[in-house]
Each structure stands twice: as C-alpha cells, then as structure tokens.
There are 2 protein chains.
Amino acid sequence: METDTRSRILAAAEDLFVQHGLDATTLRMITTAAHANLAAVNYHFGSKEALIETVFRRRLTWLNDQRIAALDALEAEAKGAPLKPRQIVESYFGVAIRLAASSPGGRTFMRLLGRTYTEPSEFVRSFLAEEYAEVIARYKAAFFKALPDVPQEEFLWRFHFMMGALSYAVSGVDALRLLGPVDESDPEALYTRLMSFLIGGLRAPLPEIQSQAVRKPRAKRATPDRASD
Amino acid sequence: METDTRSRILAAAEDLFVQHGLDATTLRMITTAAHANLAAVNYHFGSKEALIETVFRRRLTWLNDQRIAALDALEAEAKGAPLKPRQIVESYFGVAIRLAASSPGGRTFMRLLGRTYTEPSEFVRSFLAEEYAEVIARYKAAFFKALPDVPQEEFLWRFHFMMGALSYAVSGVDALRLLGPVDESDPEALYTRLMSFLIGGLRAPLPEIQSQAVRKPRAKRATPDRASD
DNA sequence: GTCAGTTTCAAACAAATGTTTTAATGGTGA
DNA sequence: TCACCATTAAAACATTTGTTTGAAACTGAC
C-alpha cells in the first residue's frame, strides 16, 4: 500500500459506507478492506462515530467552502445587483456535480451524501446541520434577493425539491435502475440535464395556494398554471 | 390494546422504522412499543426481514394499484389519444401525496418509503424492484407516448429527478429543517407546490447534450435553454 | 546501540442483536 | 371435563458488534 493507515481507512470507509450504509458497515469490513488491524480505527479516530464524522467533514467543508467562494465571486461581479436565479442554481448544484465528476472518491462521496440527507441518526444530523448552516443562509439570502416576487415559503419548498432532485441525481443508481438502462457515465451531460430540470422547476408558474381554513375539503383541484397542457 | 398483536407490531414497526431507520430499530424496541413479547415477531412473521417486507408490501401494493387504476381511467377516457403530461404526473405523484395526507399511518409510511428508495440493503431493493416493475412500465409507456419529442433517455432522467423531489417532499422534514421554518401541515398545499415544480421541470427546454467523445475537456458550459435568464 | 514515542497486532471484553426453545396460557368444540 | 389448537411468555442461544488491553514492532534522535 502506498498511503498511510489513516488514509486507507478513510478511503475504505467512504467506499463501504456508500455500498452498505453507515450501520451495516462494520469496523471489521473497513479494516480488512484497508489492510489494517481492527484496533486501528479506534486508535486513529477514537470511535466509529468519530470516523463517520471525519469522512463527512473532510469533503463537506471543502464542498461548502467552494459554494461560498462561488457565490462571493458572483456577488462581487454583480456589484450589489440581484443575481440571476440560474447563476445561483448553477453555482450551488454545479459544485456538487463537479465534485462527483472530479474523481472516483468524489463520486463515491456524493452518492454517500445523497443517501445521508435522509439519515435518521441523530449525531449525523447534528453535524450535517452545523456544516450547512452558513452556506444555506448565504444562498437563501441570494435567492430571496433574486426572486423578490416569489413568496419565501414557496421558494423554500422549491429549494427543498431541488435538493431532492440533486440527491437522486448523484446517489441515484438504484432507484434509477428501476426505470431501465440509462447512461450514468457522463457527468457533464448529467449536469446539463439537471440544470435544465431545476431551472424549469424553480421558474415554474406560481401555484395558487388556498389557505387551509378556507378551502373546501373535497373541492376539485385547481390547475391555475400553464393552461396549455 | 384494541387490535391484535400482529397489527400492533406492524404499526409500531412502521413508526419506529421511520424514526430510527431499518437497522437501528431492534425487535426489542418494536415489541416493547407494541406491548408484545419479543418472540412475537418471529412467531407472526418468521424473521425481522420478513416483517420489514410485510410493512412495505402492505401499503406499497395498494399505492401502485391505485396508480395503475388512475392510469387506466385516464387512458380509457382518452380513447387511444396521448395523455397530457400533466395528467400523468398528477396521477403518479398525486396518489403518493394523497396517501401521505390520508392518515397518520399513511404519512408515516410515505416518509419511510422516501427514505428507503436509497436504502442499500439488498433484500429491500429486490422486493422494491418487484413491487414497482409493473407501474413503472405502464407510466414509462404513457409518458413516451405523451412526449414523443423528448428523447427517452432525457425523459428517464427527468422522471428520476421527479422521484427525488417527491422523496424529499414527503420524507423531507430533516433536510427541510435545515432551510428554516416551513409549514408542513397542509398536504393539499404541498401537492399543489410539488405539481407546479414537477411540471416546470418536466417541460423545461431540452438541453443540448454534446456527445462525450466530441466535447472539449474544459469547454465553458453552454446554456442553450431559456435565454431570457 | 539505546531509548522514547508512535504505530501495529492478536486476543479478549462486555453489550446487544436476531432467533430458538420450552413451557404456560387461554379459548373452543367434543 | 378433556383434548386440541393458537398464542403468549420467559429464558437461553449463538453471533456479531464496537471497544479495550497489553505486548510486540517499528521509527528516528542522541
């Protein structure tokens, strides 16, 4: 082996986590794959949870730093003017796709991350929230400024939907395989496809949300947008 | 307790699975919550895996039967003509949202299902694929007929993205909470919001996918669609 | 060569898991 | 009342889990 034990463990863990999930991956699987002794994980990281946190934080801080840097650059160029929604979407989701495309390890990690957004484990959620706090705040502000006509609640949902689409885009494989054979090998094409979809969804006509108290229970659903369908 | 042991176990399992995940939920947690003996799971279901499968199949077959029935109704009415994309989207994703809205148990299950699409466990994937095979085939055919101008590969990705958005829409909570306080209490509003987004994404301008072999490595990304942004 | 500090190793640890076993319980019809 | 059945109950089962231990091996500085 070329690298040191610590690095080999990190790589093996990342790989096995995405294959089998966090819980189902045992320390014995990791240390075997890393050609290390079982005790090495506890020696180098302290515990399995600490290893998981290290695996995530290592790449996630880098990812979100990239996002913030991209936003900084856009806002510097705009000199106070609102950004175009497309620019913001591209910088937020583009960074993720590019990480997935950059290296086998990056792709593995993005698949892992996509799966872990919905991870119920408490300690994972807590450091995930911590890692995302700043970047979410920055992008929310940028979007609100760029889309002053879109109600904030509506936008938050759309952002949420977009994150779901991204998650499936990078982690997809399994669910996608249900649909039939598709080509997942070209990240540039995936990027282009996802952007089209996201922008289309983000800029879709605003639905008329009736207040829950007023609406009649079994009323036929109104379809106010895009009458041409 | 009102109901019999088997039903109490099913309800408790569904509830705990969505809270803690499949692996992290132990039989002891389930049987305690269900006020049953530990051995009851193996007596009534045979194994933990069989219990999981029962929990999913019970609601999933119903869900997909509803989808197929909805499609049957639409196609009967259309008398051979292609359906409108919006109709198909509404029948597929609307059924899911409606199940989530119909009862606390339905909502719990949809959250569980959203989380489990990305479940790496082999046996879960296998029976999920089995449950989805027919409904996916039917809807693929309907979509291809409704959108003859959209390349099939492009559509499959968009369908995949839509499933990601749905997954986050129903299972979301945690990831959504990162974004800030939103109202998740009104399923009708969620339905309307999601539909707008999905239709917007589905009908977005087609991206120009350059063949991977031809494209230059670091070429600036072309943004052929929606020049107005 | 020696020695302190770091890393690796094999072995064992307690705790928790799904499952099985064996007996007890409760109801139903003969 | 008895025998039969399905269900429940308590206890023990073998495995597997993450973690700890204590000694061996290695490393670099003096």
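Sequence lines set the chain letters: A, B, ... in the order given, protein chains first and strands last, and positions in each chain run from 1.
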Sequence-distant partners of A/Arg57, side chain to side chain contact (heavy atoms under 4.5 Å, CB included), two or more places apart: A/Glu53, A/Phe127, A/Glu130, A/Glu131
In short, A/Leu99 meets A/Ser102 closest at the heavy-atom pair O-OG, 2.8 Å
A/His44 vs C/dT8: side-chain N/O to OP1/OP2 distance below 4.0 Å: yes
Go through the structure and list residues passing side chain to side chain contact (heavy atoms under 4.5 Å, CB included) with B/Ala133, not counting sequence neighbours. none
Could you state the CD1-C1' distance from A/Ile9 to C/dC9, rounded to the nearest angstrom? 13 Å
Sequence neighbours excluded, the answer for side chain to side chain contact (heavy atoms under 4.5 Å, CB included) partners of A/Ser47 is A/Glu49, A/Ala50
Parallel, tilted or perpendicular, judged at 30° and 60°: which one describes the rings of A/Phe159 and A/Phe155? parallel
Whole-Å distance separating the CG atom of B/Leu51 from the C1' atom of C/dG18: 12 Å
Within this structure, what is the CD-CD1 distance for the pair A/Glu188 and A/Ile97, rounded to the nearest 0.5 Å? 10.0 Å
Rounded to whole angstroms, how far apart are CZ on B/Phe45 and P on D/dT8? 11 Å
Using a cut-off of less than 4.0 Å, is there contact between a side-chain N or O of B/Thr5 and OP1 or OP2 of D/dT8? yes
Name the pairs: protein N/O against N/O of nucleotides 18-20 of chain D, kept only if under 3.5 Å.
from: D/dG18; atom 1: OP1; to: A/Lys48; atom 2: NZ; distance (Å): 2.8
from: D/dG18; atom 1: OP2; to: A/Leu27; atom 2: N; distance (Å): 3.1
from: D/dG18; atom 1: N7; to: A/Arg28; atom 2: NH1; distance (Å): 3.0
from: D/dG18; atom 1: O6; to: A/Arg28; atom 2: NH2; distance (Å): 2.9
from: D/dT19; atom 1: OP2; to: A/Asn42; atom 2: OD1; distance (Å): 3.3
from: D/dT19; atom 1: OP2; to: A/Lys48; atom 2: N; distance (Å): 2.8
from: D/dT19; atom 1: O5'; to: A/Asn42; atom 2: OD1; distance (Å): 3.4

Do any N or O atoms from the side chain of B/Arg8 and from the backbone of B/His35 form a donor-acceptor pair under 3.5 angstrom? yes
Could you run down the sub-3.5 Å N/O contacts of the protein with nucleotides 26-28 of chain D?
none

Side chain to side chain contact (heavy atoms under 4.5 Å, CB included) with B/Ser91: which residues, sequence neighbours excluded? B/Ala70, B/Leu74, B/Tyr139
